[in-house]
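A quick write-up on the structure given underneath.
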There are 2 protein chains.
Amino acid sequence: MARQVMSDKMLDLVARRFRTLGEPYRLRILQELEAGEKSVGELVAALEGNQPNISKHLQVLFDGGLIGRRREGTSIFYAISDPMVFKLCALVCSSEAEKSRRDYEALAGQQRQVKR
Amino acid sequence: MARQVMSDKMLDLVARRFRTLGEPYRLRILQELEAGEKSVGELVAALEGNQPNISKHLQVLFDGGLIGRRREGTSIFYAISDPMVFKLCALVCSSEAEKSRRDYEALAGQQRQVKR
DNA sequence: GGAATATATCACTATGTAGTAATACAGTAG
DNA sequence: CTACTGTATTACTACATAGTGATATATTCC
């Protein structure tokens with residue numbers, strides 16, 4: 001299989017998506033939405049943040065195509081539109097877990113052969 | 001399967017990793033390294049960037065645990081240390097491709113039912 | 001030792017963006 | 001129409017970081 005090189009345009013798109021996910025608060029919002037769609041007010045209550053900030057993060061996620069929204073009365077409900085994000089998070093989580101396992105073993109090894 | 005909620009610490013780690021990948025230039029560096037380890041000089045030549053900037057990006061990738069390095073004479077060779085990044089990119093790429101396919105079809109549908 | 005090469009680091013500027021308070025806007029109820 | 005509720009937007013500050021030229025550090029060669 002030939003190595004697939006991404007075009008500059010694709011690199012920008014991919015980097016932009018990673019940046020959208022590169023914010024802990026937005027990951028928390030996505031986690032809340034994983035259980036099902038929620039209104040802005042429900043998110044504000046669940047995350048104990050202030051409303052303008054959450055609205056802004058929701059806008060970023062929406063612009064990035066990660067979530068969708070629908071209006072119902074005066075409320076607006078947001079929902080995951082691309083479940084891929086959870087696969088991404090799972091991959092990173094397992095990688096982090098692996099990394100800390102290695103770090104731990106390296107530390108243990110260092111302890112074992114400690115001088116003096 | 002219960003929904004797995006990440007701790008705040010894990011959220012920070014994951015977000016940090018996404019941010020590390022959220023830069024087109026760093027993705028290009030990773031792409032170059034996918035073919036095999038390269039020295040800083042080789043990367044500077046391949047990417048046509050200036051050396052301090054590339055060294056800085058390499059440092060960020062190194063700190064993030066995505067690449068490793070070894071010295072050989074005065075040169076320093078960098079190499080991928082966590083191939084997970086390519087799985088991540090592949091996932092995002094396919095998602096982007098799917099998204100643009102949907103956008104295209106939505107546009108085509110709009111054309112079909114154009115008014116007047 | 002000194003010169004040359006490869007890389008890292010520093011200092012600085014410019015840009016992006018998170019957080020936040022105030023305000024605007026849209027929908028609903030009376 | 002007015003008051004009220006839920007959400008978005010604006011204006012601003014603070015902070016992080018990408019790019020860049022100058023400089024420091026480390027290794028090899030003489």
Side-chain angles (χ1 to χ4, degrees), chain A residues 8 11-33 36-81, chain B residues 8-9 11-33 36-79 81:
Chain A
D8 283 7
L11 283 174
D12 278 344
L13 280 174
V14 174
R16 182 166 169 280
R17 173 147 305 189
F18 282 134
R19 246 177 296 131
T20 302
L21 293 172
E23 176 59 43
Y25 213 100
R26 283 199 283 273
L27 294 180
R28 290 187 61 191
I29 291 176
L30 290 173
Q31 265 193 165
E32 285 298 325
L33 294 181
E37 72 170 8
K38 281 196 168 60
S39 71
V40 177
E42 288 170 333
L43 288 171
V44 170
L47 298 174
E48 297 168 0
N50 69 9
Q51 179 264 319
N53 192 26
I54 290 187
S55 277
K56 208 160 79 169
H57 282 306
L58 286 169
Q59 191 64 45
V60 172
L61 291 167
F62 181 78
D63 291 343
L66 296 177
I67 60 178
R69 64 182 161 202
R70 72 182 176 84
R71 164 153 244 146
E72 186 177 307
T74 64
S75 294
I76 297 190
F77 285 83
Y78 284 89
I80 301 293
S81 70
Chain B
D8 282 8
K9 195 179 146 203
L11 283 174
D12 278 344
L13 280 173
V14 173
R16 182 166 169 278
R17 173 146 303 187
F18 281 134
R19 246 179 296 132
T20 302
L21 294 171
E23 176 60 44
Y25 212 100
R26 283 198 283 271
L27 294 180
R28 290 187 61 194
I29 291 176
L30 291 173
Q31 266 192 165
E32 286 296 326
L33 294 181
E37 71 169 7
K38 280 196 169 60
S39 71
V40 177
E42 288 170 334
L43 287 171
V44 169
L47 297 175
E48 297 168 359
N50 70 8
Q51 179 264 317
N53 193 27
I54 290 188
S55 277
K56 210 159 78 167
H57 282 306
L58 286 169
Q59 192 63 45
V60 173
L61 291 168
F62 181 78
D63 290 344
L66 297 177
I67 61 179
R69 64 183 161 201
R70 70 182 177 85
R71 167 152 242 148
E72 186 177 308
T74 63
S75 294
I76 297 190
F77 286 83
Y78 284 89
S81 70

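Below, read A as the first sequence line, B as the second, and so on, with proteins coming before strands; counting in each chain starts at 1.
- Distance CZ (A/R19) to P (C/dA18): 10 Å, rounded to an integer number of Å.
- A straight line from CZ of A/R16 to C1' of C/dT15 spans 17 Å, rounded to a whole angstrom.
- Here the closest non-hydrogen pair linking A/K38 and A/E42 is CA-OE1, 3.2 Å.
- A/F18 and B/F18 have parallel rings, their planes meeting at less than 30° on a 0 to 90° scale where 60° marks the start of perpendicular.
- Heavy-atom distances to DNA chain D give each of A/N53 and B/N50 a nearest nucleotide, and the one nearer the 5′ end belongs to A/N53.
- Here D/dG19 presents its C1' atom at 8 Å from NE2 of B/H57, a figure rounded to the nearest Å.
- Aromatic ring orientation, B/H57 versus B/Y25: parallel (interplanar angle below 30°, classes split at 30° and 60°).
- Put simply, CG on A/L43 is 10 Å from P on D/dA8, counting in whole angstrom units.
- Heavy-atom minimum distance, B/E37 versus B/A79: CB-CB, 3.6 Å.
- Atom pair A/E23:CD and D/dA16:C1' shows a separation of 11 Å (rounding to whole Å applied).
- Here the C1' atom of nucleotide D/dA18 and the CG atom of B/L47 are 15 Å apart, to the nearest Å.
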Exercise for the section: Give the C-alpha distance, both sets of side-chain angles, the deciding distance and a yes or no for side-chain contact (heavy atoms from CB on, under 4.5 Å) between B/D63 and B/R16. Expected result: CA-CA 11 Å; B/D63 290 344; B/R16 182 166 169 278; 4.3 Å; yes
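- Rounded to whole Å, the distance from CG on A/L61 to P on C/dT17 is 13 Å.
- OP1 or OP2 of D/dA18 lies within a sub-4.0 Å distance of a side-chain N or O belonging to B/R26.
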Under-3.5 Å N/O pairs linking protein and nucleotides 4-8 of chain C:
| residue | atom | partner | partner atom | Å |
| --- | --- | --- | --- | --- |
| C/dA6 | O4' | B/T74 | OG1 | 3.1 |
| C/dA6 | O3' | B/S75 | OG | 3.4 |
| C/dT7 | OP1 | B/V40 | N | 3.2 |
| C/dT7 | OP1 | B/I76 | N | 3.3 |
| C/dT7 | OP2 | B/G41 | N | 2.7 |
| C/dA8 | OP1 | B/Y78 | OH | 2.5 |
| C/dA8 | OP2 | B/S55 | OG | 2.6 |
| C/dA8 | N7 | B/Q51 | NE2 | 2.6 |
| C/dA8 | N6 | B/Q51 | OE1 | 3.2 |

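- Taken from CG in B/L66 to CG in B/L58, the straight-line distance is 11.5 Å, to the nearest 0.5 Å.
- B/F18 has its CZ atom 19 Å from the C1' atom of C/dA18, to the nearest Å.
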